[in-house]
Amino acid sequence: MDIRKKILGGLLVSMGLYSIANAVRYVGSLSARDTENLLSVMEGSQTPIQLCGGSVLSSRGELGKTA
Amino acid sequence: MKRIGVPELGIVPGFGCGFRCSHCAARGEPSGGGRLSAAEIALLKETIREHAPRALLFTGGEPTLYLEEIDELVAAHPAPGRLTVRLTTNGHFAGDSASLDRVLGAFRKLDEVQLSYDRFHAEFLSLEAVGRLYRACSERAIRFCVLVSLTSPLDLALAKELHALGDMPIRFQKVLPIGRAKENGLAYRYPAFDPEVLKERCPNRDQVLYLCGRGFSLCCSSLVFNGDFPGVVHPTLEEHLRSRFRVRMRSSRFSGLMSEVGLSPDSLAPEHSSACTLCERIFSSNRSPADAPNAKTS
């Protein structure tokens, strides 16, 4: 796995989007173009990207819903 | 009897929504459908007066279809100076400035707006309207953020377009196979089952939600939107706070709940990497953890 995919996998794990094992599987399935597109979004973000839990409420008592 | 504090009370004042997003947790009804009854409003006002939660969160459905009910509930709070009012909306009113002024101006108090916006909502609301709502909230000193639902990490690409509108916080949420999303076969995709989820507890174990027409629950996900699981929803806040279900969910990891109902991790599929989907699997067994009498916590 090349270094760019390793970086992306690390970012996905740190965001809580995947476990390490699933991040490895996921980035392994991505094309080089999708890898670069995702990295550009995640590395270019000026504000923190925060994952919420649940559906209508988030785990932090902040807002969140799927609808 | 000692009263148990509730930091935040989430309220679904109705399930009506003008949008028909294919990933929605609620099946939803057109505008005006499924709203709080007079008895429910009276119960909620009494609950708010009694418990004085620090925050009220209105979500849906689309809560701005129920402005009168929201106003009545906020007015019932005994200490409005210490109250935070939060709103999760689809932003349907941001199409023009007059409508935006009318809706935001209708709140006697509004501290935070979270806009649900993603590739599904984008079928109904333009990016231009998102920018308009962001600016209107900024002008009124209302905190603003966007919640983007993901079916895969590739959906994160929308963040780039949103950041081009302004420096707004963006939160992400995985689409769960709930309600209309389930009907449409939509959910965040996991390559394989992730056993780490077994160590987790319910992500909403400290929350309380009132669902229009249903009652109080800490669940805001699979158990309340995907069926009628016994012991999960309660008619009063007091009953819910003291329920076996709430105590069990606050104290147990999913591994413990699985042991209680005799489920083996070998029976789980990739989608059970999600805590909510796993929870539904556990409660779908013949021995619901909400009713099991002598289960140990873990």
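Please read these numbers as outputs of a predicted model, since none were measured by experiment. We use all heavy atoms of the structure for the numbers below, so side chains are in, but hydrogens, waters and symmetry mates are not. Here is how names work: the chains are called A, B, and so on, in the same order as the sequence lines, proteins then strands, and each is numbered from 1.
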Check: Rounded to the nearest 0.5 Å, what separation is found between the CG atom of B/L154 and the CG atom of A/L30?
Finding: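 So the gap between those two atoms works out to 6.0 Å.
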Item checked: Heavy-atom pairs under 4.5 Å with chain A, option from B/P191, B/S152, B/P7 with the top count ->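 Of the options given, most contacts go to B/P191.
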Margin query: Heavy-atom pairs under 4.5 Å with chain A - which of B/L158, B/D194, B/V224 has more of them than the others?
Written below: B/D194
Checklist line | Heavy-atom contact with chain A under 4.5 Å, split by part of B/S274 | finding: neither
Next item on the list: Examine whether an atom of B/Y188 lies under 4.5 Å from a heavy atom of chain A, and if so say whether it belongs to the side chain, the backbone or both; otherwise answer neither.
Entry: side chain
Note to self: How about CZ on B/R54, more than 12 heavy atoms from neighbouring residues, nucleotides or ligands closer than 6.0 Å, or not?
What the structure shows: no
Item checked: Greater than 12 external heavy atoms within 6.0 Å of B/R250's CZ -> yes
Item checked: Heavy-atom proximity to chain B below 4.5 Å, by part of A/N22 ->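 For A/N22, backbone and side chain are both near chain B.
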Notebook entry, point to check: Is any side-chain heavy atom of A/L17 closer than 4.5 Å to a side-chain heavy atom of B/L156?
Noted result: yes
Notebook entry, point to check: Got B/K160 and A/S40 here, is their nearest side-chain heavy-atom distance under 4.5 Å?
Noted result: yes
Check: For A/V41 and B/A159, which heavy atoms make the closest approach, and how far apart are they?
Finding: CG1-CB, 4.0 Å
Next item on the list: For the pair B/Y190 (side chain) and A/Y18 (backbone), establish whether a donor and an acceptor sit closer than 3.5 Å, ignoring hydrogens and angles.
Entry: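 Judged by distance alone, no pair lies under 3.5 Å.
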